[in-house]
Amino acid sequence: MPATRVTVALNAKQSQKAPLLVPASASPDPSSAASIQSLVFKAAQSKLRLKKPSRIYVGGTGEELITEADWKSTIRRDVTLLVSAGEEYVGVKKESVTPGEANPECAVHVLAEKAHVDELSVTQLATAAHTLPGIIHAVGQPDLHPGNKFPIGAVFVSRKWVHPPLIGGDIGCGMAWYKTTLSRNQVDGDKGKRIAEKLRGLEGPWRTQADREAWLQDAAGSCSAGEEWDQAVGTIGAGNHFAEIQVVEESCTSIDGVGPHKDDVILLVHSGSRGYGGSILKKYTTESHISFEEDSEQMKAYMEEHDKACRWAKANRDLIALRFLSCLEPGEEAWDLGRNIPNSVNLDSAISGVRAKMLQRKVVDIWHNNVERVKWPPCPPTGSTSGAAKKTSTGLIEGGESFQDYVYVHRKGAAPTYNASTNLPLDILPLPGSRGTPTLMLKPVFSAETCWGLKNALSLAHGAGRSMSRAKALSSLSRKYRDRNLLEPSGAEDGTWVVCDEKDLVFEEAPDAYKDVHAVGEDLVREGVAEVVGWCKARVSYKVRHERR
DNA sequence: ATGTGC
């Protein structure tokens, strides 16, 4: 059981102190029966012999702990809590440890009605919005669910400040969709099993470091992170990451004939920056230093590495897709580069050839863990169907209105509604259910009712969202499905073949551990931020395979 | 989510 070690001391005589372990089960809510506050009071009574403890201050700052939010933002390792019998704080009050201005009035909205939202995640959303400096708008998408400290399925818009922990360690994580040349009848029914069998050689490092560095060369230069992290490029990773072969069941995306059409077989890749992004978060932040002021050297350095990790993650998804395509379309020589066999041709020209080919296959690629500098408030895009859109001539979300200024949009498990490099609205993006359940095809909606994307902070849900913690899913679902093989379609239905050699993941990522993707989609539609333009059936879902290398 | 953290 994780516990936090704090020090309890007498406010009136601060040399008198005692350590206290606060179990993770203790509640920050002072009105709760198992509150941290009551633990501190009890410790003061029994260990420090303070008869009537009544107030608690934070050592060093003198901030009094009153609300649940106070407790939440304070309880960390080695904090000293000063217990008072009613008297004022003894010492010089300092400014809060977080410099800059928090915005206790910050607007917080959760775009969910149908999808169930855990109260803890709403508390996490509001606490972060109200206590971190510079936040001007916080949005919980319908897939909102609790994270370790900050929620997932959340968007935080800030002025002048960047908060790396709000986007987490998997910087650049996102999803990309690729068309394949497979036909529905090659993957439907029991054929899914044969397709799953073909998916091999996808684990472990791809080729040599020299090859990986060549792959990590993009239009902006190199995004190589050094051999220790680059080794993981082209690998899916753990947790909720996956690659899935899907059949388009319905599609009404007739935009320039692009978007996937009915009966197309497409590949969805969900992965991020593996260990690299986490190393960046760790390098720049500590438990008490999580906020960076705009234009500070640290902020600039973080942003530079953040942007590099985003490019790395994107290159990772492309390489994963290449490796999958080499299994799925063995006749296509260009994909041979995806295999771990020695180069038979010039590497650089092979890579540029493959890139061009893959670009034709790519439907969309988005980051859902990142921070972006954008103009705010949003402007109507010209692609919009409303007449109001005619006013802008730029065609961009950002526009060039004089009343706009720049903000930072932090996304943690939230997809953007526009293409980050062109600022044009996206035509289509995936809303995957959990393993094997349908993936909805979303089209972002921009309208006056949503203030052109302000309401949803220019973002949409990135998936179904957990409804059960990993621990809960593991214990309850492993019992529930004790006698069932979750890796094969159940019964006669056209279900999904799952490749997952990690036993715990089978349960942690089971559909039951997630919200219903249709409820999430319905919420987005009701809120007026997206329309559902089709859906895909998962045929083969690849998580991880333990194979002899 | 992670070449994780005691």
Side-chain angles (χ1 to χ4, degrees), chain A residues 1-5 19 21-24 76-78 121 124 143 145-154 164-176 203-206 209 212 224-243 269-287 290 305-306 309-310 312-314 316-317 320 367-371 410-415 432 434-435 462-466 468-474 500-510 513-514 541-544 546 549:
Chain A
M1 260 287 118
T4 309
R5 185 187 184 278
L21 279 179
V22 179
R76 58 181 174 267
R77 196 160 32 134
D78 299 333
S121 57
Q124 290 178 333
D143 58 341
H145 59 282
N148 209 340
K149 187 159 185 191
F150 301 109
I152 299 150
L166 290 186
I167 71 168
D170 196 1
I171 301 166
C173 184
M175 306 216 190
E203 305 286 340
W206 175 74
Q209 178 61 9
R212 294 190 285 267
S224 164
E227 183 155 19
E228 59 165 343
W229 305 124
D230 288 356
Q231 281 209 13
V233 78
T235 62
I236 293 172
N240 59 354
H241 290 169
F242 63 85
V269 175
H270 174 200
S271 188
S273 53
R274 307 292 272 104
Y276 177 39
S279 76
I280 296 170
L281 180 65
K282 212 171 141 190
K283 177 172 161 188
Y284 286 91
T285 65
T286 66
E287 246 178 295
I290 64 170
E305 293 214 49
H306 161 282
C310 286
W312 194 103
K314 194 174 166 148
N316 183 35
R317 288 189 284 276
I320 292 166
W367 290 299
H368 57 221
N369 288 359
N370 69 339
V371 53
H410 302 69
R411 296 190 175 90
K412 175 58 182 285
S434 61
R435 187 183 69 203
H462 80 314
R466 282 202 160 276
M468 244 183 241
S469 70
R470 286 187 180 278
K472 173 95 201 300
L474 183 56
C500 184
D501 288 344
E502 292 284 352
K503 216 166 169 276
D504 289 1
L505 264 189
V506 175
F507 303 109
E508 289 173 8
E509 295 296 319
Y514 282 80
S541 193
Y542 185 105
K543 299 289 288 188
V544 62
H546 291 161
R549 289 185 47 76

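Atom set for the values below is all heavy atoms of this structure, side chains included, hydrogens, waters and symmetry mates excluded. All chains are named by letter (A, B, ...) in the order of the sequence lines, taking the proteins before the strands, and each is independently numbered beginning at 1.
Checked for salt-bridge contact, A:Glu509 and A:Arg466 meet the test: a charged N lies under 4.0 Å from a carboxylate O.
For the atom pair CG of A:Leu505 and CZ of A:Arg470, the computed distance is 6.5 Å after rounding to the nearest 0.5 Å. Here the straight-line distance linking atom OG of A:Ser273 with atom CH2 of A:Trp229 works out to 10.0 Å at 0.5 Å rounding. To the nearest 0.5 Å, the span separating CE on A:Met175 from NE2 on A:His241 amounts to 8.5 Å.
In this structure, the CH2 atom of A:Trp312 is 12 Å from the C1' atom of B:dT2, given to the nearest Å. Straight-line distance from the NZ atom of A:Lys283 to the C1' atom of B:dT2: 18 Å, rounded to whole Å. Rounded to whole Å, atom C1' of B:dT2 lies 13 Å from atom CD1 of A:Ile171. Here the P atom of nucleotide B:dT4 and the OH atom of A:Tyr276 are 17 Å apart, to the nearest Å. The separation between A:Asn148 atom CG and B:dT4 atom P is 17 Å, rounded to whole Å. Rounded to whole angstrom, the span from the CD atom of A:Glu228 across to the P atom of B:dT2 amounts to 15 Å. Taking atom CD1 of residue A:Ile236 and atom P of nucleotide B:dT2, one finds them 11 Å apart after rounding to whole Å. Distance CG (A:Leu281) to P (B:dG3): 14 Å, rounded to an integer number of Å.
At least one side-chain nitrogen or oxygen of A:Lys282 sits closer than 4.0 Å to the OP1 or OP2 atom of B:dG5.
Counting non-hydrogen atoms under 4.0 angstrom, A:Gly278 reaches nothing in the nucleic acid. Looking at heavy-atom distances under 4.0 Å, A:Gly237 makes contact with sugar-phosphate atoms alone, never a base.
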